[in-house]
Amino acid sequence: MPKTSFPTIPSSEITSEEKFINRRDFIQKTSQGLLASSAALILPSAMADSEFNLKHEITSYKDITTYNNFYELGTSKSDPSKNAKWLKPHPWSIEVSGLVNKPGKIDIEDILKIPTEERVYRMRCVERWSMVIPWEGFELNKLLQKFEPKAEAKYVEFKTILDPENLYGQRFPVLQWPYVEGLRMDEAMHPLTLMATGIYGKKLLSQNGAPIRLVIPWKYGFKGIKSIQKIRLLDREPRTSWNKAAPNEYGFYANVNPKVHHPRWRQNKERRIGEFRRRKTLLFNGYQEQVASLYKDMDLKKYF
Amino acid sequence: MGIFRLLSFILCLSPAVYLALGWWFGFLGANTTEDFIHQSGQWALFFLFLTLLVTPLTRHLPLVELNSMRRQWGLFFFFYAILHLIGYLVLDFFFEWEDIYYDIIENNYIIVGVLIIFLLLPLAITSTHKWRRKLKKRWQKLHRLVYLIFPLAMLHFYWLIKADYIEPILYTALIGLLLLERVIHFKKSKLQQ
């Protein structure tokens, strides 16, 4: 596993004092709440050591939890938070199959025992908007290693829960259900690739993909599949939902790239939610130092 | 009729007031500029629908007075289309002309949007009584441009959507019905001759 250093944050993204204070206030309140509710709870280390996080312009919790793309809960941005009750994150389990030595199911209770940390990532949607989100989670490689991937495994396929009875969005053929996403094995094992179980130190809400979802900060948001129930290791590239729906618009790789444009809009700039002027989009969403080596010698225009 | 026109005017203007205040104070939604653009576009489409609704309504119902509303609603269609354009040029791109240039030449739905604005301009300008008298028969011909604007507006809507086409399909169906009524009426009146 290559050693990964955290990205440095350009000065343009450094938080204003006001936000800094709000954030500190939030951490104090949260920690007081946690301490008050249960003495046994230990403050997550990343929260106490929030040096790194505070440098970011974190998007408000309200915006993160009310502006979502999750078509299973409705196709407009405000639908998923309104229809969050359709998705019940308990009971839950993830089934891991395919090219692994120990296939099987893991219950959410056991998943939640895996130690988590806070990771503040930029999140860039293919639709040209972005956020900065303080995730709670663990590296995907920690989960995959439990099932012992075989050497032939080259790709990982993920599937969202399929439940058209409750998830009304799945009654309409907007996409092929269930939602499917995939990664190359080296992308999946990369230390930046996160399985998130929380945001802002709180449990993930349904609109954000409860109880567990994928976060790949250098790829467009649609790669971050929500409410995962199935993982399969393969020796071939899986067919993914948006790629099937519009293969010329959404590639398998979907790496954030200001020079590779969507056929219907340019990707050179983005609107950070809460800001007026648009920002320049960064190559690999600003994680070039960490991930560029994964794609060396690859034509990023061809493998978009 | 005067009071009805005034009431209608205030009612038609209120979404614009809501959008302007909502954008400024940030109560439209998380992506407030996107909301402004989408909603002003939807209102434009609504007024296109309303304008095209007048003729069939007056034909089949005793509502001849509605004929005098057509111009007001047509102008509100133009007004919301301009608001939509301002949202795009100013709120979204903030006069970044290079980006706007590429956005227009590379995206079919933007080209169509610009085309619609250009087609709407002569209609808005010649909407006054004075112009109507001046152009006589040609006025009606000119204003038939709306039948070109409608399919272009639908195309503009279809092309910008990622996957969920229910809204443009609904609008196409509704406005399609209004056009169908015109075709049927036209054939009938020909037969009678």
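In the text below, chain A, chain B and the rest are named by the order of the sequence lines, each starting its count at 1.
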Taking 4.0 angstrom as the limit, do A:Lys269 and B:Glu96 come out as a salt bridge? yes

Salt bridge between B:Asp103 and A:Arg128, side-chain N to carboxylate O under 4.0 Å?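 Looking at A:Arg128 together with B:Asp103, the answer is yes, because their closest N to O distance falls below 4.0 Å.
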
Assess whether atom [atom1] of [X] is packed by more than 12 heavy atoms of other residues, nucleotides or ligands within 6.0 Å.
X        : atom1 : value
A:Lys244 : NZ    : yes
B:Tyr165 : OH    : yes
B:His60  : NE2   : yes
A:Phe172 : CZ    : no
A:Lys230 : NZ    : no

Segment of [X] engaging chain B (4.5 angstrom heavy-atom cut-off):
X        : result
A:Asn68  : neither
A:Pro263 : backbone
A:Glu127 : side chain

Inter-residue atom distance [X].[atom1] - [Y].[atom2], 0.5 Å rounding:
X        : Y        : atom1 : atom2 : value
A:Thr75  : B:Glu167 : OG1   : CD    : 8.0 Å
B:Leu28  : A:Ser78  : CG    : OG    : 11.5 Å
A:Glu275 : B:Thr33  : CD    : OG1   : 11.5 Å

How close do [X] and [Y] get, heavy atom to heavy atom, and via which atoms?
X        : Y        : answer
B:Ala30  : A:Ile273 : O-CG2, 3.6 Å
B:Asp99  : A:Arg278 : OD2-NH2, 3.1 Å
A:Phe276 : B:Val90  : CZ-O, 4.0 Å

Pick from A:Trp242, A:Trp265, A:Tyr71: which one has the most heavy-atom pairs with chain B under 4.5 Å?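 Counting heavy-atom pairs under 4.5 Å, the top option is A:Trp242.
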
Interface moiety of B:Asp92 toward chain A, non-hydrogen atoms closer than 4.5 Å: both

Under 4.5 Å from a heavy atom of chain A, the part of B:Leu160 involved: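 Just the backbone, heavy atoms under 4.5 Å.
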
Exam field: side chain A:Arg264 to backbone B:Trp159, donor-acceptor pair closer than 3.5 Å: yes

With a distance cut-off below 6.0 Å to the six-membered ring centre and an angular limit of 45° from the axis, does A:Arg266 pair with B:Tyr102 as a cation-pi contact?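 Relative to the ring axis of B:Tyr102, which defines the angle, A:Arg266 lies inside both limits.
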
Quick one: do B:Glu34 and A:Tyr67 satisfy side-chain contact (heavy atoms from CB on, under 4.5 Å)? Show the steps, please. CA-CA 12 Å; B:Glu34 182 188 76; A:Tyr67 188 75; 2.6 Å; yes

